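Below is one structure, written out as structure tokens; comments come after it.
In this text the structure is predicted, and so the values were computed from the model without any measurement. Protein chains get the first letters and strands the later ones, always in sequence-line order, with residue 1 at the start of each.
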There are 2 protein chains.
Amino acid sequence: MPKAKYESIYLQIRKDITSGKYEFGDYLPSENEYAERFACTRNTVRRALSILTGEGYLQPRHGRGVQVIYQKEQEKNLFTVGGIESFAETVRRNHRKAETKVLAFREIEADDVISHRTGFEVGARLYYIERLRLMDGIAVIRDTNMYLMSEAPGLTPEIAARSIYRYLEDELHMTITTSRRRVTAEKPTPEDLACMDLSEYPFVLVVSGQVFNSNGVLFEYTQSRHRPDLVCFTETAVRQKL
Amino acid sequence: MPKAKYESIYLQIRKDITSGKYEFGDYLPSENEYAERFACTRNTVRRALSILTGEGYLQPRHGRGVQVIYQKEQEKNLFTVGGIESFAETVRRNHRKAETKVLAFREIEADDVISHRTGFEVGARLYYIERLRLMDGIAVIRDTNMYLMSEAPGLTPEIAARSIYRYLEDELHMTITTSRRRVTAEKPTPEDLACMDLSEYPFVLVVSGQVFNSNGVLFEYTQSRHRPDLVCFTETAVRQKL
DNA sequence: GCCGATTTGTCCGTATGTATC
DNA sequence: CGATACATACGGACAAATCGG
């Protein structure tokens, strides 16, 4: 699957870390040793290591070696925004029953209001999708998504009810590269109140973001309005001077 | 100040982006042109560009060029967690008056409850600090921090009232590399209610995290409890295969 | 404290592949 | 098809930090 050499090295070392072969605090073999072992130059090893460093797995220490700082997380909250976990996966992990209700599915054109909020160009043709996410029959998330039709053609309400990402990746062979997210607390809108049981929560946590594909095209704008007690947002930040 | 060549190139290009010289959607000069302009190899240019890509500023497009995908954020919320902005900087950016009140300053030892929550080893000697952050006289954040004494010696209440990070960086010459953060919504504790004006907000947004220094040592655990209307949490995730 | 070996950090120059126009 | 631009990889050189003898 991985065609680039640095990528297969990256995958191999990551597996050694997540499988527990190297634990928190351990030092990896030296770059020179890896270079020999993988039959490549030190530069190529360093590239793989730099990705792992950027992902928070490793901490290189000048003159000493490269240390593992990855630890298995202790998950408590239901929804972990920030990872790559989808709604369905999250629900499954918690042994609940997932359901998705499509509230709206339209084709629209971006006007300047939409453009300003989402980053799409004025006049761009978009799919506009509203969905309600239910867990064990309780509405917990209200999603609004917009997809650039030229990049994600062929979307249907049926796909929206199942998994849009599976369609994009498996059918359209699209790969996602950069995404931006913002989390804010907002007062619920009438629509929020109509859809979700927010009786004791006078706020919703709003996660909005843009997603770019590997062509560098902004193709998705997404906004998820969460019941505040169920969401958890995680981040790993690295001073990336490597 | 920047000693490494790639770093000064990084800073220069970033400045060109944030200053608006290049806008969202524009293409940067080619790597070869930059290499000539900065009198270095394409590799060095690529390194600077790769950092900017990892930070969400750029989107390289194979065969075409490198596109700017940075947009000036529409800052509505006061506090942007996720960036590297300190409380004082945020307040200054909003032209407000900052104040920090130290509520507690103790030396403690990590028991197993603390250890489990923070990641410090049992028995580790820690500074325990509680602070209240005031903006224009209004309490908006309640901070609880713990620092590993062996890595951050010499902390005092006076330093805590000013800037701990300035002390760590300037006096102890410590550099921060990796940090992990979690954001959750929680019911306010009696302490929260006593310290902050939360009358209309039955929730606080809790940002907790671990910080590693360049020695790879977990030296800080931090928890900030925010009034929900004032915080904004941003993240840029990149599938970093660059 | 010095020296040499090891290890990571920075940078160069070059070659080749692949996508776009 | 050729020119341009980014992507991958090689190999080498020297600097800087660490560690053991």
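Atom CZ of B/R125 is surrounded by more than 12 heavy atoms from other residues, nucleotides or ligands within 6.0 Å.
One can place CD of A/E31 at 17 Å from P of D/dG12, the figure rounded to the nearest angstrom. Rounded to an integer number of Å, the gap from CZ of B/R64 to C1' of C/dT18 is 14 Å. In this structure, B/R37 places its CZ atom 12 Å from P of D/dA5, rounding to the nearest Å. One can place OH of B/Y6 at 12 Å from C1' of C/dT8, the figure rounded to the nearest angstrom. C/dT20 atom P lies 11 Å from atom OH of B/Y27, rounded to whole Å. The interatomic distance linking A/R47 (CZ) with D/dT8 (C1') rounds to 6 Å, in whole Å. With rounding to whole Å, A/K5 atom NZ is found 19 Å from C/dA15 atom P. B/N43 has its CG atom 11 Å from the P atom of C/dC11, to the nearest Å.
Picking from D/dA16, C/dT20, D/dA9 the nucleotide with the shortest atom distance to the side chain of A/A4 gives D/dA9. Counting only heavy atoms from C-beta on, A/R42 has its side chain closest to D/dA13 among C/dG17, C/dA15, D/dA13. Side-chain proximity of A/R46 to D/dA7, C/dT10, D/dC19: nearest is C/dT10.
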side-chain hydrogen bond (donor to acceptor under 3.5 Å, both in side chains) between B/D16 and B/Q12, worked out = CA-CA 6 Å; B/D16 287 345; B/Q12 176 62 53; 3.3 Å; yes

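The residue among A/G63 and A/A39 whose nearest nucleotide of DNA chain D is located toward the 5' end is A/A39.
Within the structure, every side-chain polar atom (N or O) of A/R61 is placed at least 4.0 Å from both OP1 and OP2 of D/dT18. At C/dT10, none of the side-chain N or O atoms of B/T44 fall inside 4.0 Å of OP1 or OP2 (strictly under the cut-off).
The side chain to side chain donor-acceptor pair (under 3.5 Å) test applied to A/S30 returns no partner, not counting sequence neighbours.
Between B/I9 and B/K5, some side-chain heavy-atom pair lies under the 4.5 Å cut-off.
For B/H62 against D/dA7, no side-chain N or O and base N or O form a donor-acceptor pair under 3.5 Å.
Nearest heavy atoms, B/I69 versus B/Q59: CG2-CB, 3.7 Å.
For D/dC1, there is no paired base (Watson-Crick or G-U wobble, both distances below 3.5 Å).
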